[in-house]
Structures are given as structure tokens and as C-alpha cells.
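Contents: one structure, followed by commentary.
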Amino acid sequence: MAELSLPFDRWHYPVKKFYDLYDSSIEEPEDFWAEQARQLDWFRTWDRVLEWEAPFARWFVGGTLNACHICVDRHAKTWRRSKVAIYWEGEPGDVRVLSYSTLYREVNRYASVLKNCGVGTGDKVALYLPMIPELPIFMLACARIGAIHTVVFSGFSARALADRINDVGARLLVTADGGFRRGKILPLKSIADEALTMCPSVEKAIVVKRADNSVTLNPPKESWLHDLLEEADPYVEPELVESNHPLYVLYTSGTTGKPKGIVHSTGGYLVHNYVTYKWVFDIREESVYWCTADIGWVTGHSQIVYAPLAHGAATVIYEGAPDYPAIDRWWDIIEKYGVTIFYTSPTAIRTFMGHGEEMLKKHDLSTLELLGSVGESINPEAWLWFYRHIGGERCPIVDTWWQTETGGIMISPTPGIECLPLKPGSAGLAVPGVEVDVVDEAGKPAPREQRGSLVIKRPWPGMLLGIHGDPERYKKAYWSQVPGYYYTGDYAVKDGDGYFWVLGRSDEVLKVAGHRIGTAELEDAAVSHPQVAEAAVVGKTDPVKGESIVIFARLQEGIRPSADQTKSLTSHIRSVVGAVAVPDEVCFVPRLPKTRSGKVLRRVLKAVANDDSIGDVTTLEDESSVQEVIQAYQELKEGKGPGAQKNYAKGKPKKEKR
Ligand code: ATP
Ligand code: MG
């Protein structure tokens, strides 16, 4: 797709500012990062910028700081004390607005509660909370006293929670009586009770009152937060920690198997997020920023809590579902708070696209200035829809590529430096100080326009310290595939301008009759069909072709599956990608099984298509989506589906049933 010349006057500079900055950052990376790091408050300056004992990096060694001081204290001591830090909206419509001085007061009291519960520096605290202000406050309170938090997404099951608590060895658990999701109360306390029967390390549990539902507490091990706050001190001295003291452990979402506890540092992590936040989102004092991720994922950690608050920005947090009570809830929130920067995921955008533009008509989105996307590749159709209908053709879109492991954004347009031309579907160039490349199987740079593995060529400040308790797994997962480089596990293409096009995970490549076909490419083609809202492609073992192609697709609102739809989608894919990519089976489903961070769990679809066991589905947003897929696929196989049927089996054309 060609680049887009867009009318972004505000972000256009005649000088090639970006390239100058980038080149200097790569020539002298340590000087460059040291200069960036000086923008934060350090209590002691580092002795060495980087200690690199491959594959372990330690940044700003010997420097001391405190993350809570950086995110809260330093603003609460200036005019920003009266500035909004957090606009929070609960799903039922309740609102809480926290200024920096309120946040300061609360983090101190919460830190005191933690201390009174016996939590000290280096102790692990598990936070199993809905998206309520208490969650970021507890994260910051942990950071204040040097404790290490592990946020466990509030949609996880008791087993998933217990696994994470046990792996990290948490001493204390914070949970809530409940949280709201699609009008229902999530019974967090009773899930936590079940988990705690499996968690010997937890000595104490704190319960936040959120949903006013009836729960039972077992004192003295379990206490209400509001009772503990009565005894809290108004001030707790921030613990000055060394830059490489872990700030948190966060488990990857587990779309590809057993979760890994990713450990992040304090200094390097904050420096990386502080500067990339400015470069990518062009954050300004007057910005109102909303990232729709859940704090249970890295995007929420970096882009809702640490980066915005380190800048003294105003950040919006919404508790509930995007379509509750109606499909326009998000647009309502943008209008209500005057959001200027809106950061979301391609899957959310595609979901909204499927509902048409009518829902936007009654909302004024004119405050928006910049849009962002993260989590997976954004297909050009979704990019353009987002650009036109949400951004009113005036907002640049920053397509940001990064991972839990990278801690912060690595590849993205950087309007905060200079807005280079945007290409819908490409994340653009690496940010300054970060060197990435696409390599072939031998680890050599892949020719331009050719697919290869995306690697990171040198340490970066937000880089993970390791996998909690498992240095061998860390080496094996990221450093054993391409010698000397960090292996991201994603496939990408670098185009003639050096722009990166992330194609998806390397384990999502099909081998069909000797051809290697990326699922992302096929999915892009499928969703460019006007009647397809979402699609996921998986391989099915085939004795002749190696793998055959199965497409699971959700049609746009109001469109019913039919044999004609199957035919039309099939010929569309043939014309877009070619005959080699013609799907062997097309299965229309009411919903795709997605993780709570909105990613399609292809592993489940693959298991369904191959008649394998489904495995762990605790990361799914709604486990009943699996049953729907099984049923739809069964009907397809039996030729009973509502028009959804096989085109070919085992590579041989079959007659279509009308
Ligand atoms: P797990 O590692 O447990 O399988 P995960 O990789 O989904 O889970 P995250 O760290 O949240 O967990 O996601 C990072 C991955 O998301 C990247 O490796 C990439 O595959 C995908 N991704 C993120 N942002 C983008 C983007 N802008 N374009 C394309 N892909 C992206
Ligand atoms: Mg990953």
C-alpha cells in the first residue's frame, strides 16, 4: 500500500529531524540514552549507562530513583498538584477524578497500608483487581516502598491466578469484592478464595469494596482496604532503589503456551517509556489521553500508568466493556472527557467497523488529534476506517509495535519528533536508540521486501531483566534462534524505505504445498472483503499438501452466512493473494475466540480444525466462544451449516452444495 500524504501540518517539519536524531542515537547509543535518562529525577546518578553481559542487560547501573516519586511526587509539588491525573469512569457510569495531589495522598496511604501488612522492599504483591483507580494506586504504592507488583488480569480464572501467584511467590494479594463487566458483577473475591487454597506463599489479603456485593472475609488474614486505611500514615518516604531493582513482574498473555513472568527494571523501563511516550504520542500538557487496554497487560502498565503519569499527563481509565450499555460507549467517553489522544487495538477497530458509522453520528469526536494502534498488525482497511471515521482525516495514526518483553514501544511513527509519511499497515521505523532488522534463517539481513524474522540488534533500556526464576528459558526463548540478536518471534518485511511491516508471529505461518503463507496476509485479504468483519486463518494437517487452509470468519452485522458468501470470499482471496491461498474450508462463526487483550487465540481454532484437544482456555475473554466455534465447524463438516461449507478437501475440488 502506498504511503499517504496527509495534512498533518502540526507535525511536519522541513528539516529531517527524525533521521538526524536516529543516526546520532545509533552512533553513540550510551550517550544518547544517558541524555534521555537525565530528564527523569535521579537521587544518585548512575556509574555506568549499560552493563551488557549478553544476554543480560543492566541499564544506568548504580543510579537510584523511585518510580512513584517520578510519577506522582514530582508533580504534586508543582502547579500540577491541581491537574487531573486520572479520569476514571466505571461501567455503571460512576465517575472519579483524581488530581495529582489526590493521587499523592492516596499512594502514601496505600503504601502505609502495605507496610503495616508487613510488605517490604523486594517483596512480591499480586494485584487481582478490576480497572478501578485502586489498581494504579496500589501499583504506585508498591513502587513507593520498593515492593514488586504482579498484576493479574481480573478476567483470569482461579487456576490462572494461582499459577501466577505461585510462580512469583507473592506474600500479599489485593483483590476486590467484584468488578463490573457487561452489566454483571465479576465475583473476584470468590475466585481469589479458590486460588488462595492453592497458594501457600500468601500471608495476607486486602479486599477493595467496589461492587457492594456480599462477600465473606476471614480475619485476620483478610481485611477490607477501607478498614486498613483508617490506620494508615499520611506519608511514607519513597524507597530509593537501584535502577535495576525490579519494578514488576508481568506474565505474557499466553497465546502461545505457558505464561512467562517477564521482569522489568525500574530505571531503564521508566526512561524508555518516558521518552517514547513523548516521541510517539507527542504528549502535551493539555492532552487528554486514553488508552483502552486493560492494566492487566503490558500496554496498560506502560501506557495507562507509568508513561502518562511520569509525564504528569491526564489519563482516562474506563472499567467496563466497549459495547455496554450500547455500542457507542467509547465514543461517548471520548466526547465526555474531550480525549485528544486515543490508543486502541486493531481488533477493537475491526469490531466497530462491523457495526457501521451510524453509532458515530451522535458524538462529537473533534477533540481527537492523534490515534494509536497496538497488539497486532492493523490491516489497511481498518487503518483507513480509523483514520476517516474516528480521526476525521486529520489525526495521524501511530501503529506501535512492541511486546511485554520490550517494556516500551520499539517501532512506531514519532510525530513528537517529526511525522514522516505514514503507510497504512506499516508500523514505520524503529524509534531512536532502538535498532531492529529483518533477518533470514541464517541470521543475515533479509533482502528488502522479503519476509524474515524481526530481531532487535542491541540492548534497549526497556528490555526485560529476564524471566522470573528461569534464566535458561530466557536464553532459549529469545537468544538461541539468531546468534547475537534478540528474537522477537514475529515475521516482518522491511520495505524499500526501511519501513517495517509486521506480518504476525513466526509460528503463524502455514506451509501449503511447499509454499509458506503467513496467516496475517490471508487474514488481511479476508477482511478486505466488504462483508467480512473479522477473520482468523489456521492450518489443518493435510497428508497431501502438508497443511490445508481453514478460514474462520465473522461476517459484518446483519449479513447471514450462505453458500454464496463462501464462494464470494474464496474468489476474493484467490484474486487478492492468488490460487495458492484459496481456503480449503470457510467456517462462519458468530464470534472468534479472543484473549482478554483482544487477540484471537488461533491455537484454539487450530485444535478445532484438527480435532485436537483444546487445551488451556483460561486466557479467553469468553470461553463459550469455543463451543460456538466447535458447533459451527461441526456443522460445516457435516454439510449442515447455514451455507458455510467446504470448498475443497485434501486439495481436491468438491461440489458445492446449494
Ligand atoms: P505470548 O507471548 O504469551 O504469546 P503475546 O505475544 O500476545 O503473548 P504481548 O507481549 O502482549 O503478548 O504481545 C506482543 C505481540 O503482539 C508482538 O510480538 C506481536 O506479535 C504483536 N504486536 C504488538 N503490536 C503490534 C503491531 N503494532 N503490529 C503487529 N503486531 C503487533
Ligand atoms: Mg509474545
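Indexing begins at 1, ligand by ligand and atom by atom, following the structure's order. Model, not experiment: these values are computed from the prediction.
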Matching residue for Tyr486 among Trp479, Tyr474, Phe56 - test: ring pair (Phe, Tyr, Trp, His ring centres under 6.0 Å)
Trp479
Check ring pair (Phe, Tyr, Trp, His ring centres under 6.0 Å) between Phe352 and all other residues, then give those that pass, not counting sequence neighbours.
Trp330, Trp331
Has Asp490 got any heavy atom lying under 4.0 angstrom from an atom of ligand 1?
yes
Of the side chain and backbone of Gln403, name the one, both, or neither that has a heavy atom under 4.0 Å from an atom of ligand 1.
both
Does Ser373, backbone or side chain, put an N or O under 3.5 Å from an N or O of ligand 1?
no
Which of the numbered atoms in ligand 1 are below 4.0 angstrom from a heavy atom of Arg505?
4 (O), 5 (P), 6 (O), 7 (O)
List ligand 1 atoms under 4.0 Å from Val502, heavy atoms only on the residue side.
29 (C), 30 (N)
Measure the CG-CG distance between Leu247 and Leu270 for me, rounded to the nearest 0.5 Å.
6.0 Å
Is Tyr251 close enough to touch ligand 1? Criterion: a residue heavy atom under 4.0 Å from a ligand atom.
no
Would you kindly say whether Ser412 and Thr400 are connected by a side-chain donor-acceptor distance under 3.5 Å?
no
Asp495 and Trp501 side chains, donor-acceptor separation under 3.5 Å:
yes
Within the 3.5 Å criterion, strictly below it, is a donor on Tyr478 or Glu405 matched to an acceptor on the partner's side chain?
yes
Which ligand 1 atoms are under 4.0 Å away from a heavy-atom of Asp399?
26 (C), 27 (N)
Looking only at distances, please establish whether an N/O atom of ligand 1 is found under 3.5 Å from an N/O atom of Lys260.
no
Is there a heavy atom in Ala427 that sits closer than 4.0 Å to ligand 1?
no
Contacts of Ala321 meeting side chain to side chain contact (heavy atoms under 4.5 Å, CB included) (sequence neighbours excluded), chain-then-number -> Glu91, Arg181, Arg182, Asp323, Tyr324
Closer than 4.0 Å to some heavy atom of Gly375 - which atoms of ligand 1 meet that?
16 (O), 21 (C), 22 (N), 23 (C), 24 (N), 25 (C), 31 (C)
Compute whether any side-chain donor of one residue and acceptor of the other, for Ser302 and Tyr269, lie under 3.5 angstrom apart.
yes
Quick check: Val374 and ligand 1, any N/O pair under 3.5 Å apart?
no
